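Worksheet: one structure, shown below.
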Amino acid sequence: MDLALLRTFVTVHRAGSFTRAAALLGLSQPAVTGQIRTLERQLGRPLFLRQARGVTPTTIGDELAHRAAPHLDALLEIAEAELDGESAVRTVHLTGPPEFTALRALPALTPLTGQGLALRTSFGTAEESLDGLAAGRHDIAITTARPRGGLLSATALCDEEHVLVAAPRWAAHLGPEELREGHVVLEQLPVVEVHETLPLVSRYWHSVFESRPAASGAVIAPDLRAVLEATAAGAGLAVLPRYLCEEALARGRLVALLEPAVPPLRTYFLVVRTGTLAHPHVARAHECLLRAAAGW
């Protein structure tokens with residue numbers, strides 16, 4: 001059986017779409033369709049059911065993918081290992097949220113740049129990052145959303161604790177009873193957030209107060225580092241990751257308004273296209289981030 005046909009088949013199976021598989025393989029969609037039809041004729045069985053949006057595998061298709069994919073990934077790993085030994089520099093394309101990528105991921109990966117690895121980074125929302133990863137524009141994505149389907153594989157990276165903070169002058173106006181009543185705090189303090197929908201404040205209020213905040217943002221800045229600086233300057237309250245604001249807390253630029261017994265957490269995932277960890281340079285970066293996350 002032609003390995004090229006099997007490679008195309010496995011890519012379509014993982015992508016769930018001829019169009020997306022064609023983009024990942026660098027082929028035209030008609031070429032991918034033709035290869036799948038050739039393989040189906042050789043096997044005498046349909047491998048996919050064509051639908052309005054993409055394809056779904058038949059029972060035979062699932063069985064073939066289960067049997068063939070590990071062997072194809074192993075062959076790719078062997079080929080990539082040979083190439084990795086010959087090439088001076090391999091490039092990993094990383095995407096994720098700007099703050100976490102800049103302050104956590106890039107410092108962790110920097111030692112690999114002295115070992116023949118180049119890094120190219122882009123920032124985006126979870127949806128943008130996953131879409132770009134699925135389309136082949138990135139090798140690794142860091143997101144707060146776990147992807148669905150077989151094309152992408154996710155590994156839990158770390159949990160991020162969220163803290164309700166404000167500048168000391170605002171905290172001085174609030175008493176213990178007021179802090180226990182979330183809506184009172186919001187009535188007295190303006191809010192600094194990354195989006196008009198107040199995603200971090202809403203998540204915090206739901207977790208801690210079991211309610212929805214009745215507020216609007218006084219300052220909206222689409223970067224948590226800007227939110228931190230505006231909050232420290234006295235613009236209002238904010239919900240920030242502890243890793244991002246711990247220095248400002250230690251220096252007294254910010255004050256934690258509450259320390260709940262169970263702090264709100266958000267999980268980050270390390271996401272790759274299924275099978276691409278057979279590429280040694282991608283696997284090295286992936287493993288490096290997992291090791292570093294153990295200390296975050």
Side-chain angles (χ1 to χ4, degrees), residues 3-27 32 35 54-55 57 61-62 64-87 89-97 101 105-106 108-109 112-113 115-124 126-157 268-293:
L3 289 179
L5 296 182
L6 281 177
R7 176 170 177 260
T8 298
F9 161 72
V10 169
T11 304
V12 172
H13 186 273
R14 287 170 170 169
S17 162
F18 285 172
T19 302
R20 181 169 284 176
L24 293 173
L25 293 166
L27 300 173
V32 169
Q35 289 188 22
V55 294
D62 270 336
L64 180 60
H66 179 72
R67 295 172 60 186
H71 299 291
L72 287 172
D73 290 342
L75 288 172
L76 175 61
E77 186 173 2
I78 293 171
E80 287 290 329
E82 290 292 329
L83 184 60
D84 200 51
E86 298 171 1
S87 178
V89 177
R90 301 303 302 274
T91 301
V92 168
H93 294 264
L94 174 72
T95 184
T101 304
L106 283 178
L109 291 172
L112 296 183
T113 60
Q115 304 171 23
L117 186 74
L119 295 171
R120 298 293 182 269
T121 306
S122 64
F123 302 139
E127 182 178 3
E128 292 167 343
S129 295
L130 292 176
D131 285 347
L133 180 65
R137 294 192 296 272
H138 316 302
D139 299 310
I140 299 176
I142 298 171
T143 77
T144 54
R146 183 189 289 274
R148 297 179 179 179
L151 178 60
L152 304 179
S153 300
T155 304
L157 182 63
Y268 281 98
F269 297 95
L270 202 55
V271 189
V272 297
R273 288 188 305 282
T274 302
T276 56
L277 290 181
H279 299 278
H281 62 297
V282 176
R284 286 164 59 202
H286 189 271
E287 179 61 26
C288 183
L289 287 171
L290 290 177
R291 287 200 308 268

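Note that the structure is predicted; figures quoted are calculated from it, not measured. Along the sequence shown, residues carry numbers from 1.
Residues R90 and R284 are not in side-chain contact: their nearest non-hydrogen atoms beyond the backbone lie 4.5 Å or more apart. At least one side-chain heavy atom of L133 sits less than 4.5 Å from a side-chain heavy atom of R273. Taking 4.5 Å as the limit, every side-chain heavy atom of L157 sits out of range of all side-chain heavy atoms of F269.
Taking CG from L109 and CG from L289, the interatomic distance works out to 4.0 Å, rounded to the nearest 0.5 Å. Taken from CG in D131 to CZ in R20, the straight-line distance is 7.0 Å, to the nearest 0.5 Å. To the nearest 0.5 Å, atom NE2 of residue H281 and atom CG of residue L112 are 11.5 Å apart. Atom OG1 in T101 sits 11.0 Å away from atom CD1 in I140 (nearest 0.5 Å).
Residues T95 and S129 come closest through the heavy atom pair OG1-OG, 3.2 Å. Taking every heavy atom of both residues into account, A105 and I142 meet most closely at CB-CD1, 3.6 Å. The minimum heavy-atom distance linking A135 with L24 is given by the pair C-CD2, 3.8 Å. Across A145 and L130, no two heavy atoms sit closer than the pair O-CD1, 4.1 Å. Nearest heavy atom pair, residue A285 against residue L117, reads CB-CD2, 4.5 Å. Residues A156 and L290 approach most closely at O-CD2, 4.1 Å, considering heavy atoms.
Residues in residues 133-145 take part in no salt bridge (charged side-chain N to carboxylate O under 4.0 Å, His left out) pair, two or more places apart or across chains.
Taking the six-membered ring where the residue is Trp, F9 and H13 present tilted rings, their angle falling between 30° and 60°.
The side-chain contact (heavy atoms from CB on, under 4.5 Å) test with Q35 is passed by exactly one of T8, T11, L25, L6: T8.
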Would L119 and L106 satisfy side-chain contact (heavy atoms from CB on, under 4.5 Å), going step by step from the backbone distance to the final call?
-> CA-CA 9 Å; L119 295 171; L106 283 178; 4.1 Å; yes
